[in-house]
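Whatever order the structure lists ligands and atoms in, that order sets their numbers, starting from 1.
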Amino acid sequence: LSTRAASVLDKLDIDYNGEVAGVYDGQWKGSGDIMTSVCPSTGEVLARIRTASPENVQEAIAKSREAYKTLRNVPAPRRGEILRQIREALASKREALGDLVSLEMGKIKTEGSGEVQEFVDICDYAVGLSRMLNGRIVPSERPGHTIYEVPNPLGVVGVLSAFNFPVAVYGWNFSLSFAAGNATIWKPSPSTPLCSIAVTRIIAKVLEANSIDGAAASLVTGGKDVGVAVVDSPKIELISFTGSESVGRVVGQAVAGRFGKTILELGGNNACIIMDDADLDMAIPAVFFGAVGTAGQRCTSTRRLYLQRGIADKVIERLVKLYASVKPNDPLIHSTLVGPLHTQAAVQTYNDTIDHLRSIGAEIFTGANIVAQETGGNFVAPTLARPKTVNTQDKIWATEAFVPILNVGVFDELDEAIKWNNEVPQGLSSSLWTRDLRNVGKWIGPNGSDAGIVNVNVGTSGAEIGAAFGGNKSTGWGRESGGDAWKQYVRWSACTVNYSDAAPLAQGVNFAA
Ligand code: NAD
């Protein structure tokens with residue numbers, strides 16, 4: 001192993017010479033296949049992980065159910081206190097974990113640490129939530145009766161996560177779910193097992209120190225089969241799935257088939273619209289970050305850029321200059337803005353998308369090549385292109401290519417750009433740049449963007465934890481993190497309680513014999 005990789009893994013006590021146990025259900029184990037973690041910047045094997053066998057998965061689910069039965073009786077504020085300790089433990093490892101995210105996923109260091117910070121932030125939120133899991137009291141039409149809506153713990157929550165946020169997505173789910181009194185079982189992406197193992201070790205230590213069964217935060221690493229076993233289990237009430245539309249479709253149908261609950265956070269295909277009156281000094285850096293940041297591998301990455309005719313040429317010219325300033329490089333080097341793509345398969349997607357752009361006669365302003373590195377690695381040049389037309393039926397506009405390619409279209413009226421924004425199957429994030437209040441009103445109202453995230457003078461990429469995060473249409477309608485998202489992690493009991501000496505029926509129904 002390179003000294004640099006070894007030093008990152010050493011800081012988190014990950015054994016890169018032997019086999020790393022990839023299953024936790026109160027005890028560390030793993031008797032399934034060996035899986036390797038590969039560094040996308042160099043191609044080197046970081047560690048060998050013993051994944052979950054089918055028996056390991058079933059055992060972890062059973063143990064999580066047992067852990068839930070205990071956890072549901074721990075008072076919510078006490079669960080909050082444990083979350084506070086988890087928050088502290090994560091914060092103390094922020095830099096080491098951030099390094100690991102960069103090493104294993106490939107995003108740059110500041111974004112790797114930022115992702116850990118997101119977990120810390122949502123822990124803070126969940127600590128507060130643990131004292132505000134409020135139900136409601138509803139007036140009854142019957143004298144001496146009261147109706148309560150009571151949020152009770154739900155059960156076991158299965159969290160299936162994508163490679164691109166190997167820490168934060170689990171954090172959003174685990175924190176709210178734990179505050180609500182549930183056990184979670186995590187099936188991370190098969191290409192980021194070390195991040196999940198490092199996070200689970202931190203959580204497990206805190207749980208054990210508080211005499212809470214570790215299976216309240218179980219981990220089962222592995223591939224598709226492990227995911228299927230979790231999704232199909234009738235012992236798991238809620239499946240929170242983050243990943244591609246194609247897998248999300250299968251998962252959604254499988255869980256619906258057994259009447260389970262789902263939260264689906266699927267692909268985005270996010271547009272940014274810049275009006276003639278926009279402040280370009282603000283808009284252009286936001287587009288640059290949205291399209292190029294994380295090498296285009298965020299669900300909220302900017303993939304479509306709609307420019308009003310008056311500023312179109314100027315914006316393209318300035319973006320081309322910015323694109324020329326980035327050199328894809330090792331994500332752990334401080335000055336790097338763009339790291340590698342996560343896998344070789346993503347490089348293939350990049351090549352295929354460029355080929356398609358050429359086949360439809362698109363103008364390619366910059367990019368469209370693989371960037372050679374001494375170290376190897378999956379480096380590609382961020383690309384800016386303008387297809388001849390905005391034909392939203394064409395896959396260049398209608399599908400999410402999870403690579404740093406930004407497609408430009410030019411419009412005259414805002415209505416046209418909103419139509420293009422909405423015409424694609426996905427509906428995650430969207431952004432309008434304007435100084436005209438009338439445009440803002442249209443954009444955020446009933447005739448505006450149909451995405452879950454509808455920003456104004458803020459880019460598509462990156463969100464705070466306070467608002468509910470998620471998208472509509474083929475993005476899956478899921479909401480996580482802030483807002484009312486916590487309400488999905490409980491089972492609501494509608495309780496009509498009669499304190500009187502009579503038992504009248506509702507709606508005045510008379511059923512006297
Ligand atoms: P993916 O769909 O390939 O994998 C996601 C998870 O599903 C992995 O853990 C995988 O092992 C598992 N899986 C695969 N087949 C399965 C099956 N049949 N049953 C159960 N589980 C199965 O996604 P990815 O490539 O890791 O992630 C990239 C995608 O995730 C992009 O589309 C991106 O937009 C999306 N994403 C969405 C959000 C959001 O909040 N909307 C956030 C991050 C990523």
Side-chain angles (χ1 to χ4, degrees), residues 22 32-33 35 40 51-52 57 104-107 111 115 118 158-173 185-193 195-196 219-233 236 239-255 257 260 262-270 294-303 341-346 348-349 399-403 424-429 451-453 460-463 465 467-482 485:
D33 298 338
M35 192 167 73
T51 61
V57 178
E104 192 180 45
M105 183 276 156
K107 63 178 69 174
E111 292 189 59
E115 195 178 329
E118 218 170 320
V159 182
L160 285 83
S161 55
F163 77 82
N164 66 328
F165 275 90
V167 171
V169 164
Y170 176 65
W172 292 355
N173 283 283
I185 181 161
W186 183 11
K187 207 307 271 177
S189 166
S191 55
T192 54
C195 288
S196 62
L219 171 71
V220 284
T221 57
K224 179 182 162 186
D225 291 352
V226 175
V228 170
V230 171
V231 164
D232 285 348
S233 173
I236 300 181
I239 295 289
S240 177
F241 175 85
T242 301
S244 59
E245 285 168 72
S246 56
V247 177
R249 182 170 280 115
V250 174
V251 167
Q253 286 173 0
V255 180
T262 48
I263 297 175
L264 299 175
E265 297 281 358
L266 313 179
N269 181 8
N270 317 296
T294 333
Q297 299 169 107
R298 285 194 189 213
C299 51
T300 52
S301 288
T302 311
R303 311 208 179 276
L341 289 179
H342 185 56
T343 57
Q344 279 292 315
Q348 189 57 46
T349 303
T399 57
E400 175 202 49
F402 215 53
V403 293
V424 300
Q426 309 81 0
L428 181 53
S429 187
I453 298 170
T460 63
S461 177
I465 57 115
F469 177 92
N472 303 334
K473 305 192 292 181
S474 74
T475 304
W477 303 97
R479 293 296 185 273
E480 283 179 355
S481 203

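- Remark: S196 engages W186, P188, L219, T221 in a side-chain contact (heavy atoms from CB on, under 4.5 Å) (not counting sequence neighbours).
- Q297 places a side-chain N or O within 3.5 Å of a backbone atom of T294 that can act as its donor or acceptor partner.
- Taking the side chain as every heavy atom from C-beta outward, E118 and F165 approach each other to under 4.5 Å.
- Screening S191, P193, S189 for a side chain to side chain contact (heavy atoms under 4.5 Å, CB included) involving E104 leaves a single residue, P193.
- By the neighbour-count criterion of 12 heavy atoms within 6.0 Å, atom CG of D232 is densely surrounded, having more than that number from other residues, nucleotides or ligands.
- Each of E400, E245, K473 was scored for a side chain to side chain donor-acceptor pair (under 3.5 Å) with Q426, with one residue passing: E245.
- When heavy-atom distances to ligand 1 are checked against 4.0 Å, the residues falling inside are L160, S161, A162, F163, N164, K187, P188, S189, P190, K224, G227, V228, V231, F241, T242, G243, S244, V247, V251, E265, L266, G267, G268, C299, E400, F402, L428, F469, ordered by chain and number.
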